[in-house]
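Some notes on the structure that comes next.
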Amino acid sequence: MNWNRLCAMARKEMIQIRRDARSIGIVIAMPIVMMFAFGYGVSFDTKHIPVYVYDQEKSQQSQDFVKRFQASVYFNVVRTVQSYPELVRAIDRGDCQIGLVVPPDFSSKLLSGQKVSVQAIFDGTDSNSASLGMSYTEAVAQAHSQQLQLAWLRGRGQGQPRLPVSVDARTWFNENLESMVTIVPGVVAMVMAVVGTFLTSLTVAREWERGTMEQLISTPVTPLEIMLGKLAPYVVIGLADTSLCAVMGVWWFGVPFRGHIWVFLLSTLLFLIVVLSLGYFFSVVAKTQLAASQVSLIATFLPAFLLSGFMYPIDQMPAVVRGITHVVPARYYMAILRNVFLKGSPALTMWQDFAGLAIFATVLGLAATRVFRKKLT
């Protein structure tokens, strides 16, 4: 392998990238757009759930109960209706996700020490919001019940009851349980998978379409030098895009970075080799830019989005799907990024993920080289 020929090939690819406005737009705009779109658009936090209330009693005690929901950040008491059919119509129209029905004997049962049942109707078309809303509603009701019980005991000259068991809960790595802190490191992997594979899927296909591949073959440049020379600029571009996303995540979105820079860069380099080799493989096989770009997006974006742990926890997937995730390279890079950003884990604790990326980088790199050599012969 000749170093001068390799540098000349890389310089030629850089000139083509500068002349291609589409590639420049993807390099600059796509990482920023994806960071903002996923950072602000995707959230697992459920707050300000719209609530309609049908208070049949309208007493001071029932209003105190409703004010518990008004004071919670998870609920937004939009309106108080005057009849049960009006509440049903509001849920049917989608005006609210939760309907509370306070019975007419609410205060009388409380004063007599009886148990009071407040009906809560949940819109189950969104199962995630419904289940979270149910948990929040039960928590508010339980807190209100404890306050009433304490007031009842104090009114009779008794002290505060002692609970035999208590839980002192502490959350590590994501103290405020913000979904953005979990999502933003995953967006870095998404950007790398999409941008790296998409750009390199156009390199060889562009040469086939323009008829310049025959000119490259007639030169002394070897197939390996063509491949490395074409991929070298995209390695630099990928590292720059990843650094940009990491800086945006830390300084704009406030995501902590507790790990080592060299661990982050090493894992990024391995994942870059994986996605660039995959894109190069598609570019060689497809021979047209349109086909190569479409195949690369389908083969990288959907698995990285659905099967890498970005949107759904892998341990909650069915056993068959969990097995499939082991052949998705983004799974390993996603795990490394979250450990580096949030936990600050040392590299040795993530050796399995690094080994997975190294195996994929080796296999896909050799496969792309072999297919390209066969196409040239």
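The basis for the numbers below is simple: all heavy atoms, side chains too, and nothing from hydrogens, waters or symmetry mates.
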Could you give the side-chain donor-acceptor pairs of residues 235-243 under 3.5 Å, partners two or more places apart or in another chain?
from   : atom 1 : to     : atom 2 : distance (Å)
Thr242 : OG1    : Gly238 : O      : 2.7
Ser243 : OG     : Leu239 : O      : 2.8

Inset, instruction - List for me each residue that meets ring-ring contact (aromatic ring centres under 6.0 Å, His included) alongside His48, sequence neighbours excluded, and say none if there are none. - result: none
Inset, instruction - Would you indicate whether Arg258, at its atom CZ, is surrounded by more than 12 heavy atoms from other residues, nucleotides or ligands within a distance under 6.0 Å? - result: yes
Side chains of residues 82-100: which donor-acceptor partners sit under 3.5 Å, not counting sequence neighbours?
from  : atom 1 : to    : atom 2 : distance (Å)
Ser83 : OG     : Glu86 : N      : 3.4
Glu86 : OE1    : Gln82 : N      : 3.3
Glu86 : OE2    : Arg79 : NH2    : 3.1
Arg93 : NE     : Asp95 : OD2    : 2.8
Arg93 : NH2    : Asp95 : OD2    : 2.9

Legend entry - Those residues that, when tested against Ile359, pass side chain to side chain contact (heavy atoms under 4.5 Å, CB included) (two or more places apart): Val363
Legend entry - side-chain hydrogen bond (donor to acceptor under 3.5 Å, both in side chains) involving Thr125 - partner list, sequence neighbours excluded: Asp123
Inset, instruction - Report the residues that fulfil side chain to side chain contact (heavy atoms under 4.5 Å, CB included) with Ile226, sequence neighbours left out, ordered by chain and then residue number. - result: Met9, Leu216, Val221, Lys230, Tyr280, Phe372
Legend entry - Lys58, NZ: over 12 other non-hydrogen atoms inside 6.0 angstrom: yes
Could you pull out all donor-acceptor pairs under 3.5 Å where a side-chain atom in residues 290-297 meets a protein atom, sequence neighbours excluded?
from   : atom 1 : to     : atom 2 : distance (Å)
Ser293 : OG     : Gln289 : O      : 3.0
Ser293 : OG     : Leu290 : O      : 2.9
Ser296 : OG     : Ala292 : O      : 3.2
Ser296 : OG     : Ser293 : O      : 2.7

Inset, instruction - List for me each residue that meets ring-ring contact (aromatic ring centres under 6.0 Å, His included) alongside Phe257, sequence neighbours excluded, and say none if there are none. - result: Phe264, Phe341
Determine all donor-acceptor pairs shorter than 3.5 Å in which one atom belongs to a side chain in residues 180-187; sequence neighbours excluded.
none

Legend entry - Single-linkage hydrophobic cluster Phe305~Val33, side-chain heavy atoms < 4.5 angstrom: no
Inset, instruction - Not counting sequence neighbours, which residues clear ring-ring contact (aromatic ring centres under 6.0 Å, His included) with Tyr52? List them please. - result: none
Legend entry - Gap separating the SG atom of Cys7 from the NZ atom of Lys12, nearest 0.5 angstrom: 15.0 Å
Legend entry - Sequence-distant partners of Gln60, side-chain hydrogen bond (donor to acceptor under 3.5 Å, both in side chains), two or more places apart: Asp64
Legend entry - Residues in ring-ring contact (aromatic ring centres under 6.0 Å, His included) contact with Tyr136, at least two apart in sequence or another chain: Tyr74
Legend entry - Exceeds 12 heavy-atom contacts within 6.0 angstrom, atom CZ of Arg322: yes
